[in-house]
Amino acid sequence: MAPSPRITCDFCEHRCSLADGQHGICGIRVRKGDAIYTENYGEHVSLAVDPIEKKPLYHMFPGASVLSSALYGCNFRCSFCQNCSISQPELYRHLQTRYIAPDELARNLTDGGYPVAAFTYSEPTVWQDYMLDAARAIRAVGGRTAMITNGFFTEAALERMHPLIDAFNIDLKGDEAFYRSLCGGHVEPILRNIRTLAGDAAALLEVTTMVMEGEHSEDGIMELAGLLDDAGVKVWHLSAFRPAYKMTDHAPTRPEFLDRLYERITAETGIPHVYAYSRRHASYQQTFCANCGGLCIDRRRFALAENRLHDGTCPACGTPMYGVFSG
Ligand code: SF4
């Protein structure tokens with residue numbers, strides 16, 4: 001029987017419709033006959049151990065070491081990508097890789113005593129079949145899982161991921177014009193996925209936005225803040241752009257710009273946990289109780305300094321903290 005003329009990949013919202021032998025926009029999903037394969041399934045470009053705060057995940061096992069697993073590939077073409085050597089085809093093609101089977105990844109987790117495996121650095125959406133097989137193996141040995149992602153996956157993909165991924169950090173990069181001009185994507189599917197996860201009590205969601213002064217205006221970031229607040233997002237990280245990839249001539253974001261945004265967002269929205277790295281204000285990295293305002297988790301330069309939570313609750317008033325802190 002002749003192969004069907006086109007098959008659509010449902011991993012991400014590009015929804016590439018592929019003829020036999022054709023690659024998708026990501027460059028790593030390829031149709032062969034009647035199926036679409038991930039060419040670099042299990043082929044790692046990086047396996048590392050990081051503090052969980054570096055993901056960033058601030059509401060999951062504070063101070064834990066996380067096993068970070070990364071294959072290459074991405075469905076976006078962000079001009080400012082901070083990890084372009086493993087995300088962009090013209091740069092990753094010549095990288096050495098090492099195959100790590102899902103069971104072997106799970107063994108690495110238990111051998112190291114790490115509580116969480118994070119799928120990270122590049123875009124796990126485009127290698128989600130490996131991520132989900134690995135997540136199953138990790139769950140089988142009692143581990144937890146996290147996905148650090150641009151959030152441009154389909155609803156069908158989220159249905160597959162949700163039962164196997166404990167924590168998501170989704171990057172919200174800007175508005176539709178920003179995604180169109182600098183990323184090769186669209187904002188609405190990302191907002192849809194953020195709304196779904198923020199409204200789901202069984203999911204842990206943290207959102208990150210890298211602020212690029214000059215491309216992002218203060219009012220533009222406040223519009224994103226309003227959208228996240230309306231979605232019920234509990235945790236938002238602001239980071240500062242550093243020149244990279246095709247934007248090495250763009251000035252880095254000034255610390256005062258980030259400070260000003262942090263101050264406006266905490267004053268003008270109801271998002272309970274907002275974080276920004278600030279040289280002048282250590283408190284911008286701290287976690288406070290959403291009820292009484294007491295200090296619950298102290299951090300210094302992206303690392304845990306003190307965890308005052310009692311079984312995941314505020315030490316002063318007993319209010320449960322949003323997140324995963326035990327088990
Ligand atoms: S993962 Fe996305 S970009 Fe890659 S083939 Fe599938 S739909 Fe296309």
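Both counts, for ligands and for their atoms, begin at 1 and track the order of listing. These numbers come from the heavy atoms of this one structure, side chains and all, not from hydrogens, waters or symmetry mates.
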Among protein atoms, how many N/O/S atoms lie less than 2.8 Å from atom 6 (Fe) of ligand 1?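 Under the 2.8 Å cut-off, the count stands at 1.
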Transitive ILVMFWY cluster of Leu91, excluding itself - 4.5 Å side-chain cut-off: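 Tyr245, all in the cluster of Leu91.
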Can Asp10 and Arg160 be counted as an ion pair, charged N to O under 4.0 angstrom?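 Between Arg160 and Asp10 there is a salt bridge, with a charged N closer than 4.0 Å to a carboxylate O.
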Exactly one of Tyr277, Phe302, Trp236, Tyr262 should register a ring-ring contact (aromatic ring centres under 6.0 Å, His included) with Tyr284. Which one does?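 The single option meeting the ring-ring contact (aromatic ring centres under 6.0 Å, His included) with Tyr284 is Tyr262.
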Residues Arg254 and Glu213 bridged, charged N to O under 4.0 Å: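 Yes, Arg254 and Glu213 are salt-bridged.
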Would you indicate whether the side-chain heavy atoms of Phe178 and Lys173 approach each other to under 4.5 Å? yes
So Tyr92 and Tyr72, would you call those rings parallel, tilted or perpendicular, with 30° and 60° as cut-offs? parallel
